[in-house]
Amino acid sequence: MTANAADFAGPLCGRRYEKELETHFRDCLLFYLDGRIRFERYCYGEAACLVFSAWAHGFGRDGELLWDKEPEFESQRTALPRVLTDVQENGTALQFDGQRKRYVQTEEFDADKPNGYGKFRVFWLRRRLQHS
């Protein structure tokens with residue numbers, strides 16, 4: 001399946017997709033205007049925090065996520081989605097690796113300063129996309 005990560009980012013800065021029916025962790029995929037993808041895993045409970053994250057620079061020819069760097073630990077490597085296998089509900093639900101649990105769109109955001117997408121950068125990204 002051929003896919004362009006920027007298509008899932010929406011018109012602002014990006015969109016967050018969260019894995020549905022997850023009980024132990026909160027797994028999220030963030031898609032940005034420039035085609036970058038960020039995976040984030042959070043733990044649940046009183047001490048809820050970011051467990052780990054990884055960046056990808058888009059999709060390959062067959063829908064595989066092109067991770068910038070593989071995580072060091074096996075549990076983190078197995079947590080990463082690998083191949084986009086289906087796009088459902090007009091792009092608001094994404095299925096990876098043929099798994100039953102999908103990533104469902106939960107938020108659209110106009111900036112994400114902690115991850116390097118402040119309003120100024122987003123302005124220039126949108127401007128560049130309009131002229132290309």
Side-chain angles (χ1 to χ4, degrees):
M1 166 180 284
T2 303
N4 182 356
D7 292 341
F8 301 117
L12 301 175
C13 170
R15 289 184 180 150
R16 175 185 302 274
Y17 291 75
E18 188 171 327
K19 195 172 189 180
E20 64 183 358
L21 308 171
E22 195 62 53
T23 56
H24 299 311
F25 297 102
R26 185 174 140 225
D27 290 348
C28 301
L29 284 171
L30 289 79
F31 291 87
Y32 295 95
L33 278 176
D34 59 0
R36 302 273 293 150
I37 305 166
R38 181 176 169 86
F39 174 85
E40 297 177 337
R41 172 169 271 188
Y42 295 89
C43 61
Y44 280 124
E46 288 182 33
C49 62
L50 180 67
V51 176
F52 83 97
S53 64
W55 284 96
H57 53 275
F59 290 107
R61 177 172 285 166
D62 296 322
E64 71 275 8
L65 285 158
L66 303 173
W67 296 107
D68 293 349
K69 180 181 174 195
E70 287 290 325
E72 180 180 346
F73 300 105
E74 178 66 23
S75 62
Q76 293 175 348
R77 286 192 296 272
T78 58
L80 294 177
R82 297 294 173 172
V83 178
L84 178 66
T85 52
D86 196 14
V87 177
Q88 303 167 352
E89 300 175 23
N90 295 322
T92 61
L94 308 175
Q95 185 180 31
F96 289 88
D97 306 318
Q99 298 290 321
R100 183 176 67 87
K101 295 180 181 181
R102 306 173 306 166
Y103 284 82
V104 179
Q105 181 184 331
T106 58
E107 177 186 5
E108 192 162 2
F109 45 91
D110 59 1
D112 186 9
K113 195 170 184 177
N115 289 317
Y117 291 87
K119 291 192 182 291
F120 186 71
R121 180 176 181 193
V122 171
F123 169 79
W124 286 110
L125 281 172
R126 291 206 328 246
R127 185 179 167 114
R128 187 182 78 194
L129 291 172
Q130 289 173 351
H131 295 297
S132 51

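Keep in mind the model is a prediction, meaning the values are calculated, not measured.
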Look at Glu40 together with Arg38 and state whether they make a salt bridge at an N to O cut-off of under 4.0 Å.
-> yes
Quick one: closest heavy-atom pair of Gly58 and Ala5, and the distance?
-> CA-CB, 4.2 Å
Looking at Trp67 and Leu29, what are the two nearest heavy atoms and their distance?
-> CH2-CD2, 4.4 Å
So, Asp68 and Arg36, do they make that salt bridge, N to O below 4.0 Å?
-> yes
Phe123 side, atom CZ; Asp110 side, atom CG - distance, nearest 0.5 Å | 14.0 Å
Around Glu72, counting heavy atoms of other residues, nucleotides and ligands shown, do more than 12 lie under 6.0 Å from its CD?
-> no
Separation between OH of Tyr44 and CZ of Phe25, rounded to the nearest 0.5 Å | 10.5 Å
Within the distance-only criterion (no hydrogens, no angle test), does the side chain of Arg15 pair as donor or acceptor with the backbone N or O of Glu108 below 3.5 angstrom?
-> no
In terms of heavy-atom contacts, Ala9 and Leu33 come closest through CB-N, 3.6 Å
Linking I/L/V/M/F/W/Y whenever any side-chain heavy atoms sit under 4.5 Å apart, do Tyr103 and Leu50 land together?
-> no
Is it the case that one hydrophobic cluster holds both Phe31 and Tyr42, taking links as side-chain heavy atoms less than 4.5 Å apart, direct or via other members?
-> no
Side-chain heavy atoms of Asp62 within contact of Val83, under 4.5 Å = no
Short side-chain to backbone donor-acceptor contact, Thr92 and Gln105, under 3.5 Å = no
Would you give the length of the straight line joining atom CZ of Arg128 to atom CG of Asp34, rounded to the nearest 0.5 angstrom?
-> 6.5 Å
What is the ring orientation for Phe96 with Phe59, classed by angle as parallel under 30°, tilted 30 to 60°, or perpendicular over 60°?
-> parallel
Between atom CZ of Arg41 and atom NE2 of His24, what is the distance when rounded to the nearest 0.5 Å?
-> 10.0 Å
In this structure, NZ of Lys119 is separated from CG of Asp112 (nearest 0.5 Å) by 11.0 Å
Quick one: do Tyr32 and Leu125 satisfy side-chain contact (heavy atoms from CB on, under 4.5 Å)? Show the steps, please.
-> CA-CA 10 Å; Tyr32 295 95; Leu125 281 172; over 6 Å; no
Nearest heavy-atom approach of Val122 to Leu12 is CG1-O, 4.1 Å
Would Ile37 end up clustered with Val104 when hydrophobic side chains under 4.5 Å apart are linked, directly or stepwise?
-> no
Flag the pair Glu20 and Lys101 as a salt bridge only when some basic side-chain nitrogen lies within less than 4.0 angstrom of an acidic carboxylate oxygen.
-> no
CG of Leu94 to CZ of Phe8: how many Å apart, nearest 0.5 Å?
-> 5.0 Å
Determine the minimum heavy-atom distance between Cys28 and Glu18, stating which atoms define it.
-> SG-CG, 4.1 Å
Any side-chain donor-acceptor pair under 3.5 Å between Gln99 and Asp97?
-> no
Would you say Leu80 and Val51 are hydrophobically clustered, going by side-chain heavy atoms of ILVMFWY under 4.5 Å?
-> yes
Would you confirm whether Arg77, through its side chain, and Glu70, through its main-chain N or O, come within 3.5 Å as a donor-acceptor pair?
-> no
Looking only at heavy atoms, what is the nearest atom pair of Tyr117 and Cys13, with distance?
-> CB-SG, 3.7 Å
